[in-house]
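Bear in mind that the values here come from a model prediction, so they are computed numbers and not experimental data.
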Amino acid sequence: MSVEETYVVPASLEGVRLDKVLLETMPDSGLRLRRRLCDEKRVFVDGKTQRPGYKVYAGQELNIKGDSDIMTHEELGLCVVKQTGMFAAVFKPGGVHSATIAGKDTPSVEGSLPELFPDTTPILLNRLDFLTSGLLLVALSKDGESAYHTMEEAGEIKKFYHATVQGRLDGLATIKRTLDTADRKKTRLEDEDDWDPRRWTDVEVLSHDHENDTSEVRCLIMKGARHQIRAHLASIGHSIVGDPLYGEGTDGDVLQLRHQRVDFAGFGAEVKA
């Protein structure tokens with residue numbers, strides 16, 4: 001992303017916050033980035049660093065020290081699949097973080113939301129693993145966030161995933177094993193089944209590739225836990241192709257798992273498998 005070294009504030013922007021004026025010289029940037037540059041004291045107004053909320057005057061010169069190394073949403077491969085008044089769905093490719101990582105400038109979907117949905121208060125509603133591609137849901141207001149979580153608690157959110165798994169799998173299956181998602185790299189499965197059907201993974205087999213000995217499956221979850229589908233499929237002997245944690249994949253492989261469709265009252269979105 002290119003950044004002009006010097007920008008003179010025009011009369012039309014007098015009295016406007018610094019973090020908003022920076023959009024003129026950084027047209028592809030998100031609000032989070034512009035505020036971070038101010039907080040890191042990399043933005044100078046007439047030779048002095050200023051905070052994001054500083055109100056500029058006409059004729060002042062703005063300078064940015066160094067390059068902004070954040071990626072635009074286009075560079076990350078993000079796109080808005082659907083948007084309504086209250087919700088939106090964003091496509092995330094594999095290899096991109098869903099949420100902002102505290103203390104780090106790692107590019108993420110959450111960090112790009114102000115850029116994707118200006119003039120709203122976008123709130124990330126779900127997460128996908130770093131390697132998983134597909135739909136991320138966004139509330140465009142606090143009311144949307146509250147409505148979503150109410151529906152989620154009621155088991156009214158349906159999330160469909162497409163996966164390619166190792167081996168031949170036939171028919172239908174429901175995997176109910178309880179998941180231990182304590183703070184560790186790999187989710188562990190308990191011996192007993194989970195009493196909550198929102199934590200189950202329903203699996204429907206779509207086809208089998210005899211040559212590669214893999215199966216295409218569609219999975220339905222309602223309130224996903226960390227690594228739920230990956231761990232559940234591996235527990236029945238059918239790990240996802242390319243999974244380096246639960247299967248035979250290695251670093252650099254493409255995880256064959258995509259959040260393909262989401263449905264709930266008043267909203268639905270889908271991407272191709």
Side-chain angles (χ1 to χ4, degrees), residues 1-4 7 9-10 12-13 15-45 49-56 62-130 132-149 259 262 267 269 271:
M1 180 187 301
S2 62
V3 181
E4 292 183 21
Y7 176 77
V9 178
S12 60
L13 292 179
V16 176
R17 288 172 54 104
L18 177 59
D19 54 7
K20 292 187 177 181
V21 173
L22 286 174
L23 186 61
E24 298 296 316
T25 189
M26 301 171 61
D28 294 323
S29 66
L31 180 60
R32 185 184 300 273
L33 168 63
R34 301 195 301 273
R35 288 178 176 173
R36 176 168 62 83
L37 291 174
C38 294
D39 290 338
E40 292 178 353
K41 301 187 182 302
R42 293 169 59 184
V43 178
F44 293 79
V45 181
T49 60
Q50 299 290 353
R51 303 293 293 173
Y54 173 82
K55 294 183 179 180
V56 302
L62 310 185
N63 296 87
I64 301 174
K65 181 180 179 181
D67 295 324
S68 60
D69 53 3
I70 200 75
M71 298 175 70
T72 66
H73 71 271
E74 291 95 344
E75 291 169 329
L76 289 174
L78 311 181
C79 66
V80 178
V81 176
K82 186 171 182 178
Q83 181 175 352
T84 64
M86 192 172 286
F87 300 103
V90 174
F91 173 78
K92 177 192 89 73
V96 176
H97 290 286
S98 297
T100 301
I101 302 174
K104 295 185 179 181
D105 296 330
T106 306
S108 68
V109 177
E110 187 174 29
S112 297
L113 292 183
E115 176 188 346
L116 287 166
F117 305 104
D119 303 320
T120 69
T121 308
I123 302 163
L124 188 65
L125 294 172
N126 68 314
R127 308 285 192 271
L128 295 178
D129 297 340
F130 178 71
T132 303
S133 64
L135 296 173
L136 284 170
L137 298 169
V138 180
L140 301 178
S141 66
K142 284 289 186 180
D143 287 343
E145 180 187 30
S146 177
Y148 177 85
H149 288 308
H259 184 197
V262 61
F267 190 85
V271 291

Colleague: Quick one: side-chain contact (heavy atoms from CB on, under 4.5 Å) partners of Pro118, sequence neighbours excluded?
Modeller: none
Colleague: For a quick test of reading the model, state the closest non-hydrogen atom pair linking Leu76 to Ser112 and the distance between them.
Modeller: CD1-OG, 3.6 Å
Colleague: To check you understand the geometry: which heavy-atom pair defines the closest contact between Phe117 and Gln83, and what is its length?
Modeller: CE2-OE1, 3.6 Å
Colleague: Taking side chain to side chain contact (heavy atoms under 4.5 Å, CB included) as the criterion, tell me which of Leu128, Val109, Thr132, Leu136 meets it with Val96.
Modeller: Val109
Colleague: Rounded to the nearest 0.5 Å, what separates atom NZ in Lys82 from atom CG in Leu135?
Modeller: 11.0 Å
Colleague: Run the numbers on Val271 and His259 for side chain to side chain contact (heavy atoms under 4.5 Å, CB included), then give the verdict.
Modeller: CA-CA 8 Å; Val271 291; His259 184 197; over 6 Å; no
Colleague: So which heavy atom on Lys92 is nearest to which on Phe130, and how close?
Modeller: NZ-O, 3.3 Å
Colleague: Taking all non-hydrogen atoms of both residues, which atom of Leu18 and which atom of Cys38 are closest, and how far apart?
Modeller: CD2-SG, 3.8 Å
Colleague: Sorted by first residue and then second, give each salt bridge (Lys or Arg N to Asp or Glu O under 4.0 Å) pair with at least one member in residues 116-129; sequence neighbours left out.
Modeller: Asp129-Arg230
Colleague: Quick check against the 3.5 Å criterion: does Glu145 have a side-chain atom that pairs as donor or acceptor with the backbone of Ala139?
Modeller: no
Colleague: Working to the nearest 0.5 Å, report the span between NZ of Lys55 and CD of Gln50.
Modeller: 13.5 Å
Colleague: My understanding is that only one of Leu13, Val9, Val16 makes a side chain to side chain contact (heavy atoms under 4.5 Å, CB included) with Glu24; could you say which?
Modeller: Leu13
Colleague: If you measure from NZ on Lys41 to CZ on Arg51, what distance do you get to the nearest 0.5 Å?
Modeller: 6.0 Å
Colleague: Taking atom OH of Tyr148 and atom CD1 of Ile123, what is their separation to the nearest 0.5 Å?
Modeller: 12.5 Å
Colleague: Would you call Ile64 and Leu22 a side-chain contact if the rule is heavy atoms closer than 4.5 Å?
Modeller: yes
Colleague: Can you tell me how far the CG atom of Asn63 sits from the OH atom of Tyr7, to the nearest 0.5 Å?
Modeller: 13.0 Å
Colleague: With respect to Val21, which candidate in Val43, Val45, Val56 satisfies the side chain to side chain contact (heavy atoms under 4.5 Å, CB included) definition?
Modeller: Val56
Colleague: Are Pro93 and Leu78 packed together at the side-chain level, in the sense that at least one heavy-atom pair is separated by less than 4.5 angstrom?
Modeller: yes
Colleague: What are the two closest heavy atoms between Ala89 and Leu137, and how far apart are they?
Modeller: CB-CD2, 4.3 Å
Colleague: Could you tell me which non-hydrogen atom of Thr100 sits nearest to which non-hydrogen atom of Ser108, and how far apart they are?
Modeller: OG1-OG, 3.4 Å
Colleague: Supply the atom-to-atom distance Phe91 CZ to His73 NE2, rounded to the nearest 0.5 angstrom.
Modeller: 13.5 Å
Colleague: Strictly distance-based, threshold 3.5 Å: is any side-chain N or O of Lys20 a donor or acceptor partner for the main-chain N or O of Pro52?
Modeller: no
Colleague: Within the 4.5 Å heavy-atom criterion, are Leu116 and Pro122 side-chain neighbours or not?
Modeller: no
